[in-house]
S.K.: 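I have a structure here, written as structure tokens, and I will follow up with some questions on it.
Residue numbers run from 1 in the order of the sequence given. Please read these numbers as outputs of a predicted model, since none were measured by experiment.
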Amino acid sequence: MTTRAGRPQRRNQVLSREQIIDTAVGMLDVGGESALTIRALTERLSTGSGAIYYHVGTRDELLDTATETVIGAALTTRPAGSAAAPADEIRVVALALFDAIAAHPWLATRLTLQIVRNPVGPVTVGIFERIGGQMDALGVPRASWFDAASTLVHYILGAVSQNARIQGDTSGIDPAGDRDAFVDAASAAWQGLDPEAYPFMHAVVGQMREHDDREQFLTGIAVILDGLARLR
């Protein structure tokens, strides 16, 4: 007996919600949001669309769940040792978010959408709770907790999103070069500026060319933490 061509074989085992989400995250990492469709996902998993809708809902709900899964994992990161200082807690979670967005280029946009659309969702409250939960231990007056935590969160999300956009958009630059090509092109352009009109740009062009994104990110965190310590 011959098998009918053109119809993918279905899985014998039952799919789990975790398998669907993991597969979706992998597809997003490789091809971005445009690569993740319900049809493509069902073909990858050799299942029907009903199983996808049953476990995770619509495509938008799946994107939200994928975002919550990746960010949730980053938020579980803790400093080594049992007696970490509050500043260490903030640096660790900030770097975890930085690394998550660097590893998943699609994540920056979805993270922003989640925070805007769902202020009581697990992503928004998870980030604010991890950062804001350190304000008391840092000695920040209670009346300034929201402003202080918001400043840190806004800096973290803005910095990591900017880094992701640079890595994801290399129009006009050799696409194989990614970040290094961008930095080389920008530093060369700065070097070509009139030194009398742009003395600062010429003074820092070497630092810009050699800087490390993660170290620069941590410098920003340190500057904000130093400022918070002065709030009384």
S.K.: Quick test of your reading of the model: are D64 and R110 salt-bridged, counting only N-O distances below 4.0 Å?
M.R.: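 Result for this pair is yes, salt bridge flagged.
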S.K.: Starting at CG of L62, measure out to CE of M27 and round the result to the nearest 0.5 Å.
M.R.: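 Between atom CG of L62 and atom CE of M27 there are 9.0 Å.
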S.K.: For residues P105 and A103, report the shortest heavy-atom separation together with the two atoms involved.
M.R.: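 Closest pair (atom of P105, atom of A103, distance): CD-O, 3.6 Å.
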S.K.: Backbone N or O of R39 within a donor-acceptor pair of the T42 side chain at under 3.5 Å?
M.R.: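 Such a contact is found between T42 side chain and R39 backbone.
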S.K.: A side-chain contact here means heavy atoms from C-beta on lying under 4.5 Å apart; do L45 and I20 qualify?
M.R.: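 In contact.
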S.K.: Measure the shortest side-chain to side-chain distance between L107 and V160 over non-hydrogen atoms and say whether it is less than 4.5 angstrom.
M.R.: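 With C-beta onward as the side chain, the pair stays apart.
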S.K.: To the nearest 0.5 Å, how far apart are CG in L41 and CD1 in I52?
M.R.: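 Between atom CG of L41 and atom CD1 of I52 there are 4.0 Å.
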S.K.: Compare every heavy atom of A186 with every heavy atom of M208, then report the nearest pair and how far apart it is.
M.R.: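 Looking at all heavy atoms of both residues, the shortest contact is CE-CB, 3.2 Å.
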S.K.: Evaluate whether atom CD of E129 has more than 12 neighbouring non-hydrogen atoms of other residues, nucleotides or ligands under 6.0 angstrom away.
M.R.: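 Count not over threshold, so no.
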S.K.: If Ile, Leu, Val, Met, Phe, Trp and Tyr residues are connected whenever their side-chain heavy atoms lie under 4.5 Å apart, and connections chain through other members, are L113 and W106 in the same group?
M.R.: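 Hydrophobic grouping puts L113 apart from W106.
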S.K.: I'd like to know if the side chain of S144 reaches the main chain of D147, judged simply by a donor and an acceptor atom lying under 3.5 Å from each other, with no hydrogens or angles considered.
M.R.: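 Not confirmed, S144 side chain does not pair with D147 backbone.
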S.K.: Would you kindly confirm whether L193 and V205 end up in one hydrophobic cluster when ILVMFWY residues are joined by side chain heavy atoms under 4.5 Å apart?
M.R.: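 Linked, L193 and V205 end up in one cluster.
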S.K.: Begin from the C-alpha positions of M135 and L152 and carry the test side chain to side chain contact (heavy atoms under 4.5 Å, CB included) through to its verdict.
M.R.: CA-CA 11 Å; M135 295 301 102; L152 272 164; 3.8 Å; yes
S.K.: So which heavy atom on S34 is nearest to which on R59, and how close?
M.R.: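 Between these two residues, the closest heavy atoms are N-NH2, 4.3 Å.
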S.K.: I want to check something: taking the side chain as every heavy atom from C-beta on, are V140 and Q134 in contact at a cut-off of under 4.5 Å?
M.R.: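 Not in contact.
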S.K.: Which atoms form the tightest heavy-atom contact between D29 and H104, and what is the distance?
M.R.: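 Shortest heavy-atom separation between D29 and H104 comes out as OD1-ND1, 2.7 Å.
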S.K.: Is V92 reachable from V123 through a run of I, L, V, M, F, W or Y residues, each pair having side-chain heavy atoms under 4.5 Å apart?
M.R.: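 Hydrophobic grouping puts V123 apart from V92.
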S.K.: Is Y54 reaching over with its side chain to a backbone N or O of S49, donor-acceptor style, under 3.5 angstrom?
M.R.: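 It does not hold such a pair.
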S.K.: Nearest 0.5 Å, please: how far is OG1 in T109 from CD in E33?
M.R.: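 Interatomic distance, E33 CD to T109 OG1, rounded to 0.5 Å: 6.5 Å.
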S.K.: When you compare the side chain of Q191 with that of M201, does any pair of heavy atoms fall below 4.5 Å?
M.R.: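 No, too far: nothing below the 4.5 Å cut-off.
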S.K.: I'd like to check the salt bridge (Lys or Arg N to Asp or Glu O under 4.0 Å) partners of R142; sequence neighbours left out, ordered by chain and number.
M.R.: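 So R142 forms no salt bridge (Lys or Arg N to Asp or Glu O under 4.0 Å) with any residue.
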S.K.: Compare all side-chain heavy atoms of E18 with those of T23 and state whether any distance is below 4.5 angstrom.
M.R.: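 Counting from C-beta outward, E18 and T23 never come under 4.5 Å.
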S.K.: Over all heavy atoms of both residues, which pair between L75 and I127 is shortest? Give the atoms and the distance, please.
M.R.: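 For L75 and I127, the tightest heavy-atom pair comes out as CD1-N, 3.7 Å.
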S.K.: Decide whether I38 and L28 are clustered together by the hydrophobic rule: side chain heavy atoms of Ile, Leu, Val, Met, Phe, Trp, Tyr closer than 4.5 Å, transitively.
M.R.: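 Yes, I38 connects to L28 through the hydrophobic network.
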S.K.: Is it true that atom CH2 of W190 has more than 12 heavy atoms of other residues, nucleotides or ligands lying nearer than 6.0 Å?
M.R.: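 Check fails, neighbour count at 12 or below.
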S.K.: Considering only heavy atoms from C-beta outward, does the side chain of T67 approach that of I71 to under 4.5 Å?
M.R.: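 Yes, side chains in contact.
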S.K.: What is the distance from atom CZ of R91 to atom CG of L95, rounded to the nearest 0.5 Å?
M.R.: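 Reported to 0.5 Å precision, the distance equals 9.5 Å.
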S.K.: Work out which heavy atom in D136 is nearest to a heavy atom in W145; give both atom names and the distance.
M.R.: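 Minimum heavy-atom contact is CB-CZ2, 3.4 Å.
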S.K.: When I221 is tested against each of V223, L225, I224, T219 for side chain to side chain contact (heavy atoms under 4.5 Å, CB included), which residue passes?
M.R.: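 Passing option: L225.
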S.K.: Within the side chain of Q19, is there an N or O that forms a donor-acceptor pair under 3.5 Å with the backbone of S16?
M.R.: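 Yes: the side chain of Q19 pairs with the backbone of S16.
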S.K.: Examine distances only and state if a side-chain atom of Q216 and a backbone atom of D213 form a donor-acceptor pair shorter than 3.5 Å.
M.R.: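 Between the backbone of D213 and the side chain of Q216 there is no qualifying donor-acceptor contact (under 3.5 Å).
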S.K.: Using the six-membered ring wherever Trp is involved, compare the ring planes of F128 and F146 and label them parallel, tilted or perpendicular (cut-offs 30° and 60°).
M.R.: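 If you compare the ring of F128 with that of F146, the planes turn out parallel.
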S.K.: Using modelled atom types and a 3.5 Å cut-off, is there a donor and acceptor pairing between side-chain atoms of R209 and backbone atoms of S187?
M.R.: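 A pair under 3.5 Å: no.
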S.K.: With rounding to the nearest 0.5 angstrom, report the CG to CD distance, L138 to E89.
M.R.: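 One finds 10.5 Å between CG of L138 and CD of E89.
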S.K.: Using the rule that Ile, Leu, Val, Met, Phe, Trp and Tyr join whenever any side-chain heavy atoms are under 4.5 Å apart, tell me whether Y53 and I21 fall into a single cluster.
M.R.: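 Both belong to a single hydrophobic cluster.
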S.K.: Look up atom CD1 in I131 and atom CD1 in I156, then write down how far apart they are to the nearest 0.5 Å.
M.R.: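 If I round to the nearest 0.5 Å, the distance is 4.0 Å.
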S.K.: Is a donor on one side and an acceptor on the other found under 3.5 Å between the side chain of R130 and the backbone of I90?
M.R.: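 No, R130 side chain to I90 backbone: no donor-acceptor pair under 3.5 Å.
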